[in-house]
Amino acid sequence: MRIITGLARILIVCLFASLARDCVAADGARQRSILVLEDADFRSPFYSEIFDGIRAAAKENRTIHTVIYGESLDLARFPGPDYEESLVGHLKTKYALRPIEIIVSIGVASAKFLQKRKQEIWPAAPVVYGFVPDLPETRALFLPDSTAIFARVMPTQLLTAARAIVPDLTRVVLVGEAWKNPLTYGHWKQDFAAAMPGLEVTDLSGEVLRDVRKQIAALPDRSAILTSAMYSDGEGTYYSPVAALARIAESANRPVIITSDTFLGRAGVGGFLLLPEIIGRETGKVAMRILGGEAASSIPSFNGDNVKPIFDWRQLQRWNVAEANLPPGSELRFREPSFWEQYYWHTAIVASVMLVQALMITILLRERRLRFLAEVEARQRMSELAHMNRRATAGEMSASIAHELSQPLAAILINAETAEQMLRHPAPDLSEVRDILGNILRDDQRASDVIGRLRSFLKRVPTERHELDLNATVGEVFRFLSVQALTYDVGLATEPSSANIRVKADKVQLQQAILNLVVNAMDAVADLPDERRRVVGRTSVADGNLALVSIADAGDGILEDKVTEIFKPFFTTKTQGMGIGLSIARTIVEAHGGHIWAENAPTGGAVFHISLPLAATR
Ligand code: ADP
């Protein structure tokens with residue numbers, strides 16, 4: 001004997017078992033059978049979900065192995081005794097060798113069928129009724145060995161949903177054949193009258209779909225359309241309920257209230273919706289209990305938890321309905337995520353990048369401001385230092401200034417005495433007296449010029465940069481120092497450039513820097529023979545964009561290795577020197593974006609250069 005595979009073994013076991021009216025699962029346990037009878041069509045989404053629910057409930061039970069058969073009786077589309085007769089024959093033949101242990105009956109039409117014909121086909125099988133309304137008329141259909149799980153959308157629930165969507169509702173329009181069926185919507189007329197007296201009702205159930213579509217396209221404002229599943233219309237045209245409702249919703253100018261969650265998203269705004277998958281699970285669970293050994297008649301019928309208020313969020317936007325208006329516990333489907341929900345990460349990343357950027361900008365701005373404040377402070381300090389430097393220079397110059405002043409003052413005294421004596425004369429020569437007075441005035445002017453220059457030199461002015469004429473600026477420094485030059489008998493000369501050289505600078509500071517160089521130059525030549533006691537100031541333009549001031553003397557020059565050191569603070573070779581003149585000059589020049597350096601001229605003596613950027617020409 002060849003090896004028999006596991007699969008073949010199962011098939012053989014099942015074959016023998018089926019011949020013996022029983023099927024045995026692969027592990028040897030007996031396979032139990034459920035037949036689901038439904039009155040419409042398993043291919044429709046609603047019934048297919050019910051079947052899925054039953055199957056899921058059976059799968060959950062791990063101890064009982066179940067085979068589930070399903071039959072769509074399609075009684076809504078195929079009514080009449082002949083069809084029913086042939087159906088009975090068909091089912092008898094089909095299940096002759098398949099024992100059916102439990103029948104799950106879905107829908108009212110199926111219950112009716114079983115009431116009439118079950119005895120002939122499956123006399124012993126208990127029945128679990130699902131998807132039936134809890135009405136006396138349906139209870140009257142139930143067979144003795146049975147139980148039921150009720151599922152029903154009440155007419156008042158449709159009304160509640162309609163009023164949530166249209167708060168000032170005055171009219172409802174009924175669409176779909178089930179409104180005509182007392183076993184589906186019961187006695188809606190009484191229910192509506194009790195819930196909302198005065199409500200106007202337009203009943204279009206049973207009318208031709210074409211006409212229905214026309215009528216619902218022009219409904220008054222305060223109305224809503226209440227639908228039931230629609231399998232056929234007054235003309236006898238058959239539809240799938242979803243397609244029929246979609247066509248209705250397409251033409252409707254008012255909100256469409258629906259009754260099953262299989263319609264949601266394709267038609268209608270929502271409402272109290274039947275949940276077919278739950279209906280299937282609930283009936284399936286009860287069927288499994290019976291397979292487990294409980295008697296169907298011992299399980300009381302109950303209302304399933306299979307209807308829930310559910311609405312299409314997009315439709316709520318269309319009809320401008322606030323979520324708060326919806327019945328308590330309502331669920332919203334198809335909610336479009338807000339921009340924040342949709343782009344949460346993108347937004348968060350962009351926001352954090354911007355935040356970091358803003359932080360960096362703030363830090364940079366703060367640093368810039370601190371730098372600016374530091375610069376302002378540095379300039380003020382420099383200005384103070386320059387002022388002190390000027391006072392020190394003025395102190396050094398005081399002897400020569402006194403000398404300069406004493407000359408005109410002495411001349412004034414002599415002239416005044418002479419004039420007085422002349423006036424004592426009986427016939428004074430008035431024209432000569434006039435000349436003397438003129439001399440007095442001139443000498444006085446000379447003295448006051450000296451004092452004026454000194455005062456303006458010592459004046460403390462706020463630091464300000466303006467465009468100025470470099471030739472004139474250098475000229476003023478040389479003029480100011482002319483008194484001292486006379487005292488030391490040093491020849492001061494300027495050789496201004498023929499070009500109009502303009503720089504942007506703080507005049508007082510720049511003059512201070514130049515003055516320090518000239519004073520040093522005079523110091524350098526003060527003790528030298530006559531022919532070397534000269535200092536020359538030159539101005540020129542270098543490289544097309546630099547203004548140059550050069551102060552040259554005929555002194556002994558600078559020691560070669562000290563040409564940079566001399567600019568350091570407190571470097572001095574003089575017994576009375578402070579060593580800050582050149583360091584102040586360098587600070588001033590560099591603050592103006594320029595350079596200062598010293599060199600020894602080939603012909604002897606030192607030359608100090610200041611270069612500054614030319615002011616932008618207009
Ligand atoms: P101080 O004049 O008080 O010494 P400065 O900073 O003005 O301070 O000068 C520093 C030093 O630079 C001087 O002591 C001197 O040695 C040198 N120096 C400055 N100018 C000249 C110059 N024209 N010729 C030679 N040496 C100079």
Side-chain angles (χ1 to χ4, degrees), residues 378 381-401 457-458 474 477-478 480-495 508-540 548-592 594-612:
R381 295 249 177 285
M382 199 166 69
S383 166
E384 274 164 26
L385 206 59
H387 182 71
M388 277 168 56
N389 186 211
R390 282 201 298 281
R391 291 178 81 119
T393 315
E396 283 170 22
M397 286 163 47
S398 56
S400 52
I401 289 165
F457 177 65
L458 288 177
V474 173
V477 174
F478 273 72
F480 176 71
L481 288 174
S482 57
V483 177
Q484 204 176 3
L486 270 177
T487 313
Y488 292 108
D489 195 18
V490 174
L492 282 188
T494 53
E495 292 175 11
V508 175
Q509 287 182 10
L510 183 59
Q511 282 187 335
Q512 181 63 54
I514 299 167
L515 182 133
N516 287 359
L517 301 185
V518 181
V519 169
N520 274 346
M522 292 199 300
D523 278 352
V525 296
D527 298 328
L528 297 179
D530 283 356
E531 68 279 7
R532 292 177 65 187
R533 285 210 298 275
R534 23 187 193 90
V535 174
V536 185
R538 297 186 183 93
T539 57
S540 58
L548 213 61
V549 179
S550 306
I551 308 298
D553 62 58
D556 295 333
I558 313 150
L559 285 174
E560 210 54 57
D561 57 337
K562 301 284 187 224
V563 281
T564 51
E565 213 175 320
I566 51 174
F567 292 97
K568 290 185 179 162
F570 309 114
F571 177 90
T572 182
T573 53
K574 302 171 191 168
T575 42
Q576 299 294 317
M578 281 170 68
I580 58 164
L582 287 181
S583 124
I584 285 174
R586 186 176 72 171
T587 312
I588 291 171
V589 170
E590 286 178 356
H592 283 76
H595 292 288
I596 184 168
W597 71 99
E599 61 186 0
N600 288 315
T603 50
V607 190
F608 283 77
H609 301 283
I610 290 174
S611 73
L612 291 170

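Read the numbers this way: they start at 1 and go in the same order the structure lists the ligands and their atoms.
Taking Asn516 as the reference, Asn389, Gln512, Ile584 meet the side-chain contact (heavy atoms from CB on, under 4.5 Å) condition, with sequence neighbours excluded. Applying the salt bridge (charged side-chain N to carboxylate O under 4.0 Å, His left out) criterion to Asp530, with sequence neighbours excluded, gives Arg533. Remark: Asp561 pairs with no residue by the salt bridge (charged side-chain N to carboxylate O under 4.0 Å, His left out) rule, at least two apart or across chains.
Annotation: side chain of Phe571 is in contact with side chain of Lys562 (closest heavy-atom distance under 4.5 Å). Proximity of Ile580 to Thr572: side-chain heavy atoms (C-beta onward) are nowhere separated by under 4.5 Å.
Protein residues are said to neighbour a ligand when one of their heavy atoms lies under 4.0 Å from it; for ligand 1 these are Asn520, Ala521, Ala524, Asp553, Gly557, Ile558, Ile566, Phe571, Thr572, Thr573, Lys574, Gly577, Met578, Gly579, Ile580, Gly581, Leu582, Ala606, Phe608.
Counting only distance, with no hydrogens or angles, the side chain of Asn600 and the backbone of Ile558 share a donor-acceptor pair below 3.5 Å.
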